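This one's a predicted model, so the numbers in the text were calculated from it and none came from an experiment.
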Amino acid sequence: MITIEVRDDFISAAVFGEFTLEDFRQFEDAVEYRNRFSGPVDVLLDLRGMLGFTIDAAWEEFRFARQHPGDFRRIAIVAEDDWLTLLTWLESLFLEAEIKVFDSEEEAVAWLKEGRNAHHNP
């Protein structure tokens, strides 16, 4: 299950239980919608409640990253598992975005705000 909150140029998503293809498609729709009106977005992705993911969701994520390399500015991932750091590194090979893994949501949000401030005040 996924919950998604969309703001102007910011998407916050949290995954609970198994991350499925349907969940990822909801996320894709949110990103594509925001990109259409605001350009590249920042994402806060909270994976602390994720228990695993389906193979079709992983494949769709890989496909989406390859087709949309410039759709993201910064992606902050909140996770407790080291294997997610490896997956994040693999994802970064296909995206132009800055991607960082954090232990806490507060640190992740601060990093995203720092990037938005730098983007809006060059």
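- The salt bridge (charged side-chain N to carboxylate O under 4.0 Å, His left out) search around Glu105 returns Arg48, not counting sequence neighbours.
- Considering only heavy atoms from C-beta on, Leu21 comes within 4.5 Å of Glu60 through its side chain.
- To the nearest 0.5 Å, the span separating CG on Asp46 from OG on Ser12 amounts to 7.5 Å.
- Counting heavy atoms from C-beta on, the side chains of Arg25 and Glu22 never come closer than 4.5 Å.
- Val109 places none of its side-chain heavy atoms less than 4.5 Å from the side chain of Phe102.
- To the nearest 0.5 Å, atom CG of residue Asp23 and atom CD of residue Glu28 are 11.5 Å apart.
- Classification of Asp42 and Arg74 as a salt-bridged pair fails, no side-chain N sitting under 4.0 Å from a carboxylate O.
- Side-chain atoms of Phe19 and Thr54, non-hydrogen and from C-beta on, never get closer than 4.5 Å to each other.
- Contact detail for Ala79 and Asp103: the closest heavy-atom pair is O-OD1, 4.1 Å.
- Annotation: the span from Phe24 atom CZ to Asp56 atom CG amounts to 11.5 Å, rounded to 0.5 Å.
- Around the CZ atom of Arg66, the shell of radius 6.0 Å holds no more than 12 heavy atoms that belong to other residues, nucleotides or ligands.
- In this structure Thr3 satisfies the side chain to side chain donor-acceptor pair (under 3.5 Å) test with no other residue, sequence neighbours excluded.
- When the side chains of ILVMFWY residues are joined at heavy-atom separations under 4.5 Å, either directly or via intervening members, Leu95 and Ile11 end up in a single hydrophobic cluster.
- Inter-residue side-chain proximity for Phe10 and Val41 is flagged as unmet; no heavy-atom pair is nearer than 4.5 Å.
- The minimum heavy-atom distance between Pro40 and Gly70, with the atom names listed, is CG-O, 3.5 Å.
- Ile77 places a side-chain heavy atom less than 4.5 Å from the side chain of Ile75.
- Note that CD1 of Ile4 and CD1 of Ile2 are 4.0 Å apart. Values are rounded to the nearest 0.5 Å.
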Exercise for the section: Before giving the answer on side chain to side chain contact (heavy atoms under 4.5 Å, CB included), spell out for Asn35 and Phe72 the whole-Å C-alpha distance, their side-chain angles and the decisive distance to 0.1 Å. Expected result: CA-CA 9 Å; Asn35 271 263; Phe72 305 93; 5.8 Å; no
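- Side chains of Leu112 and Leu44 form a contact here, defined as non-hydrogen atoms less than 4.5 Å apart.
- Asp71 contributes atom CG, which lies 7.5 Å from atom CD of Glu32 (distance to the nearest 0.5 angstrom).
- When hydrophobic residues (I, L, V, M, F, W, Y) are linked wherever their side-chain heavy atoms come within less than 4.5 Å, the members clustered with Met1 are Phe16.
- Using a 4.5 Å cut-off on side-chain heavy atoms (C-beta onward), Lys100 and Trp111 make contact.
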Exercise for the section: Might you work through the side chain to side chain contact (heavy atoms under 4.5 Å, CB included) test for Val31 and Phe64, ending with a clear yes or no? Expected result: CA-CA 11 Å; Val31 169; Phe64 186 78; 4.0 Å; yes
